[in-house]
Structures are given as C-alpha cells and as structure tokens.
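Each remark here refers to the structure printed beneath this line.
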Protein chains: 2
Amino acid sequence: MNDTPFPPQRQRRATIKEVAQAAGVSTMTVSRVINQRPDVSPETRQQVLAVIQQLGYQPNSLARSLIQRRSYTLGVVTAGLKYIGPSRTLNGITTQAEELGYNVLLDELPSFNTDPVQPILDTLLARQVDGILWAVPEIGSNRQWIFERLPDLPVPIIFLTTQPQEGLMVVSMDNTLGGYLASRHLVEQGCRAIGHVSGPLDWWEARQRKSGWQQALSEAGLPISETASVEGNWSSASGEKAFRQLVEQYPLMDAVFVANDQMALGALQVAHQAGIRVPQDLAMVGFDNLAEAPYFWPPLSTVQIDQQELGSTAVRALVQMIEASQLQNQPLPSQSILVKPELIVRASSLRTLRAIDNQ
Amino acid sequence: MNDTPFPPQRQRRATIKEVAQAAGVSTMTVSRVINQRPDVSPETRQQVLAVIQQLGYQPNSLARSLIQRRSYTLGVVTAGLKYIGPSRTLNGITTQAEELGYNVLLDELPSFNTDPVQPILDTLLARQVDGILWAVPEIGSNRQWIFERLPDLPVPIIFLTTQPQEGLMVVSMDNTLGGYLASRHLVEQGCRAIGHVSGPLDWWEARQRKSGWQQALSEAGLPISETASVEGNWSSASGEKAFRQLVEQYPLMDAVFVANDQMALGALQVAHQAGIRVPQDLAMVGFDNLAEAPYFWPPLSTVQIDQQELGSTAVRALVQMIEASQLQNQPLPSQSILVKPELIVRASSLRTLRAIDNQ
DNA sequence: CTGAAAGCGCTAACAC
DNA sequence: GTGTTAGCGCTTTCAG
C-alpha cells in the first residue's frame with residue numbers, strides 16, 4: 001500500500017453545455033466555434049475559445065457521429081500481425097488513414113481462415129464505421145461469405161490481396177508478375193533447370209507466384225516438369241524441408257525461385273550444409289524483400305513488394321468510395337488496382353561472378 | 001462503364017424504433033431483449049427476436065456508449081509497425097482485447113519520437129475510449145509529457161516498455177536480465193573478452209540490455225573497457241558497421257553480445273567476409289529471437305522475448321484498472337509488471353563443437 | 001450573428 | 001412484464 005492514490009482523481013469531461021454556460025452563450029454558439037463556422041463574431045469566438053481552453057473541453061465524437069451519421073472511422077480487418085507482411089500493410093493503412101482524418105478500428109482475426117466473419121462485420125457496423133478494409137489474404141474459401149453478405153452491407157468495403165472480380169473493389173499486388181520477373185531473371189542468367197518452392201497452394205498469392213514462374217519457363221521454351229516444384233508453408237522450416245526434397249527429386253536443377261524470403265533462408269541453410277554453392281552451383285531468388293535479405297549469405301535476390309503502399313492505396317480508394325457515397329452521387333464502379341512488384345538483384349542469383357553486393 | 005451498379009444499393013440500418021413498431025412493442029422492450037434482460041416474457045422475446053432477425057437489426061454502439069458512458073474501446077498507441085517487434089506486441093494486444101470484449105482504436109505515431117502527443121490523446125479521449133495503452137518504447141524524452149498530462153486524464157492509462165516508476169502503471173520486458181543472461185552464457189562458454197554492440201543508447205531498452213552485459217562481466221571479474229562496446233541503431237546495416245569497428249578497436253574479443261538479432265545478422269556477414277569463424281573464433285548471442293534466427297549461419301543464440309505476452313498482459317491489466325475505476329472503488333495502486341526473457345542457445349555461441357542445432 | 005426547439009438511437013429510472 | 005418520460009452530448013433547422 002502506498003499513500004499516493006493511483007490512478008489520480010479522474011477529471012470529468014466537460015460538456016458543451018458547461019462551456020456554453022461558462023461563456024454566457026448558447027450551446028449552438030459553442031458548436032459553431034468548435035466547428036469553425038464563419039458566422040460567429042470575433043469577440044464571441046475569442047470568449048468561447050478561452051473558456052474551452054480553460055475547461056480543457058473536448059467535443060464528444062460519439063455524440064457527434066450519432067447525429068451526423070458519420071464516424072470518420074475505418075473498420076480494418078487483418079490477420080497474422082505477428083508476421084511482418086500484414087503489419088507492414090497495416091503500417092501503410094494507419095499512416096494514410098491518419099493523413100485523411102480517419103480513425104482506425106482494428107480487428108485481427110484469430111487465424112487467416114477464420115469463419116464465420118459475420119460477427120466481425122456486425123461489430124464493426126454496430127460501431128458505425130464509415131467503410132471497411134478487409135486486409136486478410138484470400139485463402140481456400142475464405143471469400144465465400146462475400147456474395148452472401150455484400151449486397152446488404154450499408155457501407156463501402158474494399159478487399160486487399162484478393163482475386164480481382166466483377167462487383168468487388170480490390171487492391172492486390174501483382175504476384176504473377178513478381179513470379180515471372182524472378183524466374184525470367186534466372187533464365188537470363190543462363191539457368192535452364194529452374195525449380196520452384198511455392199507457398200501453400202490454397203493461398204491465392206502462392207498460386208499466382210507459381211503461375212508467374214510457369215509463364216517465364218514456357219516463354220523461354222523450358223519444360224515444366226511435375227518434379228520441378230514443391231510446396232512449402234511460408235516458414236523457414238518448411239523452406240528447408242521443401243528445398244531438400246526438391247534437390248533430391250530434381251537433381252539437374254541449377255536455379256530455384258522460392259516464393260518468399262523466409263523459405264529461401266531455410267533453403268540457403270540446406271545449401272550450406274550440402275555444399276551447394278549459391279549462386280555458382282545454384283542461383284536463387286526469393287520474394288518479399290525482407291529487411292534481412294541483403295544480409296543473408298549470400299545476399300538474396302528477391303522481389304520487392306511494397307506492402308505499405310498497398311495499404312495506403314487501399315485507404316485512399318476506400319475513402320474515395322465513402323465520400324462518393326456520402327454525396328449521394330452515383331457510386332464509383334468497381335475497379336481493381338494491381339500494384340507492381342520490382343525485382344531486386346543481389347549476389348544469390350548472379351552467375352557471372354562479380355563482386356558481391358553487400359548493401 | 002458497366003451496368004452493374006457498385007457498390008450495390010446501401011441498406012439503411014434499422015433502428016430500435018422500427019423494430020419496436022414492427023413487433024408491436026415499445027422500444028424499451030426491444031432494448032430489454034437485446035440486452036438479454038430476464039424481465040421479458042418468453043413470447044414477447046421470441047416475437048422481438050424474430051423481427052430483429054428479419055430486419056437484420058444491429059444496435060448502434062455509438063448511441064449505447066453515449067448513454068452508458070462506456071465504449072468498450074481501448075485506445076492503443078503504437079509506433080514502428082513496419083518492424084516486427086511492435087507488431088508482435090500489437091498481435092498480443094488485439095487478441096487479448098477481443099477476448100475480453102473490447103474493441104481497439106489504433107493510433108500509430110509517425111515516429112518513435114513523435115511530439116507533441118497532446119492531439120493523439122485528445123482524439124482518443126474525444127472518442128470516449130475506456131482506457132489507453134501506450135505501446136511506444138521509451139526513447140530520449142518522449143515520456144516528458146506524462147507528468148503534465150497524467151493528472152487530468154479521465155481514463156486509466158498503461159505504459160509498455162517504460163522505466164517503471166512511482167505513480168505509473170507499467171508493463172515492460174526485463175531487458176537487463178536479458179542482457180545479463182546472454183553475457184553470462186558467454187562467460188560460461190569460457191569467453192573472456194566479451195564485446196557488445198548496443199542499440200541506440202537514447203532507447204531505454206538499449207541501455208538496459210547494455211547494463212545487463214556490464215553486470216555479467218563485473219560479476220565474472222572481467223574488465224569493461226571503453227573500447228569493448230559500440231553503438232548501433234538496431235538495423236542490420238548498423239550492426240555490420242558497428243561490429244566492423246568493434247573488431248578493429250577490440251582485437252582480443254572472443255565473444256560478442258549484440259543487442260538485437262538484426263544487428264547480429266549484419267555482424268555475422270562481416271564475420272564471414274573477414275574469415276572469422278563463429279563460434280570457434282568468436283561466439284555470438286543476439287536478442288529478440290526472430291523467426292529467422294534459427295536459420296542464420298550459424299544458427300543464432302539469442303534472448304527470447306515474448307512480445308505477444310507483453311501486449312496481452314498489458315491489456316489484462318488495463319481492463320482491470322478500467323473495471324476497478326467503474327466500480328467507484330478505490331482504484332488499483334500503481335504496480336509494475338516485468339516480463340522475464342529466456343536464453344535460447346544455438347550454434348553461434350557453443351564453443352564446444354557439437355553438432356549444430358538446425359531447428 | 002445568435003438562440004430555441006427538436007432529435008440522432010439508445011437506456012436509466014420510474015411508473016403501472 | 002411492459003410502457004412512459006427524460007436525457008446522454010451534440011448538431012440540424014429554423015426563427016429572429
């Protein structure tokens with residue numbers, strides 16, 4: 001027991017009524033002042049502002065939202081925040097939302113595959129969010145609910161990392177392009193037997209990346225054998241296991257496109273242990289451009305995806321939809337946005353033995 | 001232009017009044033039903049529930065919070081979500097909040113050092129959050145505002161990653177212990193010249209980790225020279241640079257405690273290039289236990305900190321404070337919680353050449 | 001330029 | 001069990 005009471009005596013929040021009384025005006029006048037309306041005389045305004053200052057008055061957003069039917073709040077649904085990808089996206093979301101004057105009500109699903117989503121949507125809607133940002137990757141059938149629920153949603157909703165489709169507003173990374181860029185680069189390095197460690201194929205993104213790999217091989221006239229790819233689950237452990245299997249079942253392999261950097265790290269470790277020199281014996285390209293990738297050994301070539309940009313783009317689009325729908329105008333047509341990835345070349349894929357780029 | 005209008009015609013949200021009319025009862029009865037009060041006849045309840053179902057009625061939380069003076073919302077302030085640490089903590093926060101029936105209003109500071117914080121607090125308070133969770137690490141003077149603002153905060157607040165102090169509710173990791181465990185382990189491995197790559201020393205956590213290192217050396221009777229430590233900024237690039245400098249200014253060094261795994265990764269790369277064998281020539285321990293750490297080369301010994309646990313502990317404590325203060329009871333005394341870290345030993349610090357632990 | 005009245009959607013407090 | 005009245009804190013509408 002200590003004698004300092006904690007928490008300290010709570011201050012009651014002042015109301016607009018109290019401000020009005022203290023300033024000797026009506027609540028309407030105070031309201032005009034806090035809303036920066038022009039139709040208040042300078043003296044009255046000063047007077048009111050002084051009282052507000054003195055009382056530490058802060059308008060109650062709840063009451064405001066209630067009457068204005070506008071909460072300036074975005075409902076953001078995410079999953080897997082313990083991984084760096086989703087959190088980088090969230091970073092872009094919060095930053096952009098803040099800039100546009102919106103608050104973020106965050107909901108993290110317990111798993112990527114959470115079902116049903118009904119209660120989550122309901123909670124968000126009950127809180128009167130102005131729009132919803134669904135930032136959970138498309139996996140298996142976790143988009144099934146959309147066509148059931150979408151028609152009667154009272155607010156705009158936008159989907160991240162989703163197969164673009166009619167009637168849906170989607171912002172996604174062009175994963176196919178990413179897989180293609182990585183694999184074409186390997187072709188250009190003179191590799192002719194290019195394997196693939198894919199992500200879990202119930203993930204839409206994993207399928208896209210794999211299809212980019214297939215495209216690049218086809219284009220180069222290289223055969224795509226069944227044994228040239230193995231499925232992982234994004235983790236380094238799975239990358240280790242998958243790569244080990246790949247080496248075994250595809251002994252001719254002289255390059256590999258690994259669907260994310262974490263799995264590539266696992267693969268690199270197998271290579272070390274097995275005495276496979278990277279890139280001399282085997283060239284490797286990853287995906288994601290983790291902050292750590294330049295410091296892998298050797299530094300890892302990879303595909304850069306700007307997840308923050310993805311998040312902020314989605315927020316901008318959502319806010320546009322919200323504002324359009326508030327104006328009673330014809331709402332925006334559905335329109336998908338595909339963000340382009342970029343190839344980053346480092347030592348792990350350079351067959352021509354040049355000085356290793358450490359940065 | 002396509003002819004499917006998007007978004008589809010918005011459904012107006014039904015109100016309690018409409019439900020009441022449709023069910024032929026008063027709004028009060030509907031209110032009783034949705035609040036699961038016992039004093040409604042079974043028939044009436046059924047009747048009302050049917051109408052609710054049919055109309056897809058969802059009570060408006062804003063209106064509810066307004067009258068109940070309770071929003072069941074936690075204001076969470078964070079920073080640096082693009083880094084894995086803060087997002088793992090956030091993961092723990094959202095999960096625990098959900099479980100306890102609270103929503104999360106998220107605010108990410110543009111930088112760790114953002115100042116002033118006044119507007120952020122005001123926004124949260126305007127939205128009538130029931131409590132605030134300040135999940136920004138203590139850096140430089142970014143806690144200065146506390147004693148100015150704390151006394152008149154109308155809701156409980158809890159601080160993460162903060163120097164425990166009288167009058168403040170704090171949940172932190174025991175960083176000193178972590179640094180101590182790492183360094184003592186190196187001593188036990190027979191190392192006698194143990195260097196340190198610290199984090200930026202304006203971070204409280206960095207100072208704590210360094211002081212743990214000092215403690216372990218003192219305890220072992222080893223001298224702590226000025227040249228035995230260099231400051232980094234948490235990034236791999238800074239780790240590379242700092243370690244390079246350390247090797248130069250402290251040539252006798254046979255072990256190093258690096259204040260996080262990312263910097264350790266940079267240091268490992270320098271070691272590779274310089275032909276310093278880890279752990280034979282130099283033992284290394286990191287801090288954080290990144291998911292990637294077991295796949296570094298060699299696998300990195302490190303200090304595990306459970307950041308999710310940190311977040312969920314803070315939420316539990318905050319909700320307790322909220323509930324205590326609602327009961328008009330004597331509020332809880334300030335009381336700090338220190339979460340313990342754990343040493344994880346892998347190949348990078350094992351001088352006795354055993355089989356390398358790849359898992 | 002300022003204020004009075006009404007009401008956003010809901011529930012506390014009381015009646016019956 | 002159920003309804004009535006009042007009001008949470010604010011803004012809309014309209015009057016002056």
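The figures here come from the full heavy-atom set of this structure, side chains too, leaving out hydrogens, waters and symmetry mates. Since the model is a prediction, treat every value here as computed from it, not as a measurement.
Atom pair Q47(B):CD and dT2(D):P shows a separation of 11 Å (rounding to whole Å applied). Atom-to-atom, CG of D39(A) to P of dT13(D) comes out at 14 Å; the value is rounded to the nearest Å.
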Atom pairs, protein N/O to nucleotides 7-11 of chain D N/O, distance under 3.5 Å:
unit_1  : atom_1 : unit_2 : atom_2 : d
dC8(D)  : O3'    : R69(B) : NH2    : 2.8
dG9(D)  : OP1    : R69(B) : NH2    : 3.1
dC10(D) : OP1    : Y57(A) : OH     : 2.6
dC10(D) : OP1    : N60(A) : N      : 2.8
dC10(D) : OP2    : I16(A) : N      : 2.4
dC10(D) : OP2    : Y57(A) : OH     : 3.4
dT11(D) : OP1    : N35(A) : ND2    : 3.1
dT11(D) : OP1    : R64(A) : NE     : 2.8
dT11(D) : OP2    : S31(A) : OG     : 2.7

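Side chains of Q118(A) and R149(A): a donor-acceptor N/O pair is present below 3.5 angstrom, by distance only.
Put simply, OG on S31(B) and CZ on R64(B) are 7.5 Å apart, with the number rounded to the nearest 0.5 Å. Here the CG atom belonging to L106(B) is positioned 6.0 Å from the CG atom belonging to L81(B), to the nearest 0.5 angstrom.
Of the residues I132(B), L109(B), L125(B), the one that meets the side-chain contact (heavy atoms from CB on, under 4.5 Å) test with I120(B) is L109(B).
A heavy-atom distance below 4.5 Å is found between the side chains of V171(B) and L310(B).
Applying the 4.0 Å criterion to OP1 and OP2 of dT2(C), one finds that T44(A) has a side-chain N or O inside that range. Remark: S65(B) is not in phosphate contact with dC10(C), judged by side-chain N or O atoms under 4.0 Å from OP1 or OP2.
For N35(A) (side chain) and R37(A) (main-chain N/O), no donor-acceptor pair under 3.5 Å exists by modelled atom type.
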